[in-house]
Amino acid sequence: MTRVRFAPSPTGYLHVGGARTALFNWLFARHNKGTFVLRIEDTDQERSTEASIEHIIEAMQWLGINWDEYYRQTERSKRHQQAALELMDRKLAYEHDGAWWFRVPEQGELTFHDALLGDITFRHEQLKDFVIRRSDGSFVYNFVVVVDDADMRITHVIRGDDHTTNTPRQILLYQALEKPLPQFAHLPMILGPDRTRLSKRHGVTSVLEYRRRGFLPEAMVNFLARLGWSHGDQEVFTGDQLIELFTLQGVGSSAAVFDEVKLHWINQQHMKAADLDRIVELVKPFALKDDLITEAMWDQAGKDRLLTGAKLLRDRSKTFADLASSMRVLFPVPLEKEENVVLSQQKKEVLQAVIGALSTIEEFTPENVQEAVRTALKERGVGLRDVAHDYRMAITGTGVGPGLFDMMSVIGRDCVKSRLKEIL
RNA sequence: GUCCCCAUCAUCUAGCGGCCUAGGAUACCGGGUUUUCAUCCCGGCGGCAGGGGUUCAAAUCCCCUUGGGGACACCA
C-alpha cells in the first residue's frame with residue numbers, strides 16, 4: 001500500500017514550491033490508489049501560527065489536493081519522547097549541555113538510492129553527531145520527521161531537493177529505530193527568473209495570490225505539474241489525466257524556472273475549456289471588486305447575457321481579472337473610452353438612421369442586428385468598414401473585441417442606443 | 001570553504017547509443033481568417049556549456065573543466 005505525505009511547516013503561506021511538492025505527492029498517491037497524508041510540522045512554536053495552517057489548508061483545498069489523513073506534529077510529542085528515550089536507553093544517543101545528541105559512527109559511509117537522483121553517497125565523517133532533543137525538551141526536525149514517517153508507515157518520501165543532505169542523517173535514525181526505510185525522491189527546486197531559489201523578492205509566490213489574481217485552480221495545477229514533470233509533448237492536462245499519467249519516471253532532475261507568461265497561457269487554455277456557468281460564477285467577484293458594478297446590476301443582467309458575454313470575451317482573457325474588466329461593457333455603467341469619437345455630419349445622419357433601424361428590430365439577436373445595421377448602411381451607401389470602429393468605440397469603449405453585432409446583441413438595445421447617441 | 005545535486009532553444013521540456021541535418025510548447029517575428037482584437041491555422045527565429053575519452057555509431061555512457069542550484073543550526 002502506497003502511503004505518502006506532505007509535511008509543511010506553518011510559518012507562512014503555501015508557496016508555489018510547497019504546492020508543487022504537495023501536488024506531486026498527491027498525484028503519486030492518487031495514481032497508485034494510495035493514501036495521502038497531510039502532516040502539519042508545527043513544532044517550531046515560535047514561528048508556527050494558526051493563520052498559516054488555515055492558509056495552507058485553504059490553498060490546498062483550492063487546488064483540489066485533498067488528504068486522507070491529517071496530523072499535527074505537536075500532538076505527537078509523547079511518541080517523540082518515547083523514541084528518543086529508546087535511543088538513550090540503547091546508548092545510541094547521549095546527553096551533552098542538556099541536549100540529546102545522536103551518535104554518528106566516525107568511520108564508513110552511507111549510500112542510499114533516490115528514485116530521481118540515483119545512488120547518493122555520504123561519508124559518516126561529514127555527518128557528525130547531531131541534536132535530536134533540545135535542552136528545552138523540544139525535538140529537532142530531523143528526528144521527528146523520521147519518527148512520524150515511520151509511525152505513519154510512509155512508503156515514499158517525496159520532497160524538495162533541499163532535503164537531500166538531511167536524508168543520510170534520517171536514514172541513520174531509521175536504522176537506529178529499527179524501522180524500514182521508505183523510498184526517497186527529491187524533486188528539483190523551482191527557481192525565479194534569475195535562477196535563484198524562488199522567494200518573495202521574485203514577486204508572487206503565494207498560491208492563493210494566484211486565485212486572487214484570477215487564475216483557475218486546474219490551470220495552476222497543470223502549470224505546477226509541468227514544472228519538472230512531463231508526458232511527451234502534451235502541455236494541457238485535466239486533473240484526471242494528471243492522476244492517470246503521473247509517474248516518478250516522468251519527473252526531471254534539473255531545477256525549473258517559474259515562468260508566469262506560460263502560466264497565463266495555460267490559464268487561458270483552461271478558461272476556454274471550462275464550463276461557462278462556472279466561468280460566470282467565478283468571474284463575479286472580480287467584476288464586483290471595484291464597486292463600479294453592483295450585485296444588483298449583476299443579477300439584473302440576467303444569466304443568459306452573462307453567459308453569452310463570458311463566452312464572447314473569454315477567448316481573449318488570460319485571467320478572470322481580464323475577463324471581468326472586459327465584461328464591464330455589459331452593464332449600464334459609464335465607459336472609459338480609449339479614444340474620442342468625432343463623427344462628420346454625414347456620418348451622424350447615418351448613425352441616426354442606424355439607431356432608428358435598431359428600434360424596429362423585434363428580437364435583438366446578433367443576426368437581426370446585423371441585418372438591420374447592414375441594411376441601413378447600404379441604403380445610404382456606407383460600408384460597415386467605414387463606421388465599425390466608431391460604433392465599436394462608442395459601444396464598448398475599445399477598438400478591439402468580439403464581433404460588433406454579437407456585442408450589440410449581448411449589451412442590449414437600450415444600452416447600445418444610448419451609447420450610440422453619445423457620439424451624435 | 002566543505003559536501004550533495006544539476007546541465008538540450010530566452011523559458012518549460014521530448015530524447016533514456018543508431019529513428020536527431022535534435023521534436024513539442026510558451027514568448028517573439030511573419031502570413032492566413034476576421035469589421036477590429038483575440039482565438040484558430042500556416043510559416044519563421046532559436047539549443048545539445050567546453051574539452052577529452054568509450055564505441056562502427058554519442059544530445060544520450062565515463063572523466064575533467066566551467067556554470068548553476070542546494071545543504072552545512074539546540075529552523076523546518
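Below, chain A is the first sequence line, B the second, and so on; all start at residue 1.
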Intermediate values then yes/no, salt bridge (Lys or Arg N to Asp or Glu O under 4.0 Å), A:Glu218 and A:Arg278: CA-CA 13 Å; A:Glu218 62 265 39; A:Arg278 179 161 166 253; 2.8 Å; yes
Carefully, step by step, assess A:Arg79 and A:Gln82 under the rule side chain to side chain donor-acceptor pair (under 3.5 Å). CA-CA 5 Å; A:Arg79 263 299 294 148; A:Gln82 194 179 26; 2.8 Å; yes
Set out, line by line, the N/O atom pairs under 3.5 Å between protein and nucleotides 40-46 of chain B.
unit_1: B:C40; atom_1: OP1; unit_2: A:Lys272; atom_2: NZ; d: 3.0

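A donor and an acceptor atom sit less than 3.5 Å apart, one in the side chain of A:Ser135 and one in the base of B:C74.
Distance noted for atom C1' between B:U60 and B:A49: 16 Å (whole Å). Here, B:G47 and B:U26 have their C1' atoms 15 Å apart, quoted to the whole Å. If you take atom P in B:G46 and the same atom in B:U39, they sit 24 Å apart, rounded to whole Å. A gap of 11 Å separates the P atoms of B:U21 and B:A58, to the nearest Å. Distance noted for atom P between B:C16 and B:U55: 23 Å (whole Å). Distance noted for atom C1' between B:G51 and B:G30: 40 Å (whole Å). Annotation: B:C64 and B:C6 have their P atoms spaced 14 Å apart (nearest Å). Separating the C1' atom of B:C12 from that of B:C28 is a span of 16 Å, rounded to the nearest Å.
Residue A:Arg47 is in base contact, counting any heavy-atom pair closer than 4.0 Å across all strands shown. Residue A:Ser9 is in sugar-phosphate contact alone, with no base atom involved, counting any heavy-atom pair closer than 4.0 Å across all strands shown. Using a 4.0 Å heavy-atom criterion, one finds that A:Ser317 contacts no nucleic acid atom at all. Here A:Thr196 lies in heavy-atom contact (under 4.0 Å) with sugar-phosphate atoms only.
In terms of position along RNA chain B, the nucleotide closest to A:Gln126 lies nearer the 5' end than the nucleotide closest to the other residue of the pair A:Gln126 and A:Gly399. Mapping A:Val140 and A:Leu384 onto RNA chain B by nearest heavy atom places A:Leu384 at the nucleotide closer to the 5' end.
B:A57 is unpaired under the Watson-Crick or G-U wobble criterion, no partner having all donor-acceptor distances under 3.5 Å. Pairing for B:C3 goes to B:G70, judged as Watson-Crick or G-U wobble with the two contacts each under 3.5 Å. Applying the Watson-Crick and G-U wobble criteria (two distances, each under 3.5 Å), B:G30 pairs with B:C42.
No donor-acceptor pair closer than 3.5 Å links the side chain of A:Ser52 to the backbone N or O of A:Ser48.
Residues A:His156 and A:Phe24 keep their aromatic ring centres 6.0 Å or farther apart. Centroid-to-centroid, the aromatic rings of A:Phe215 and A:His264 come within less than 6.0 Å. The six-membered or imidazole ring of A:Phe36 lies away from that of A:Phe28, with a centre-to-centre distance of 6.0 Å or more.
Atom CD of A:Glu58 is separated from atom CG of A:Leu63 by 11.0 Å, given to the nearest 0.5 angstrom. Summarising the geometry, atom CE belonging to A:Met152 is positioned 9.5 Å from atom CZ belonging to A:Arg5; distances are rounded to the nearest 0.5 Å. Remark: A:Ile395 CD1 to A:Asp390 CG distance equals 10.5 Å, nearest 0.5 Å.
Under a 4.0 Å N-O distance rule, the pair A:Asp386/A:Lys347 does not qualify as a salt bridge.
Between A:Lys128 and B:A71 there is no side-chain polar atom (N or O) within less than 4.0 angstrom of OP1 or OP2.
In this structure, NE2 of A:His124 is placed 14 Å from P of B:C4, rounded to the nearest angstrom.
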Annotated protein contacts, base or backbone, on nucleotides 5-19 of chain B with a non-hydrogen cut-off under 4.0 Å, one of B, S, - each: SSS---SBSS-----
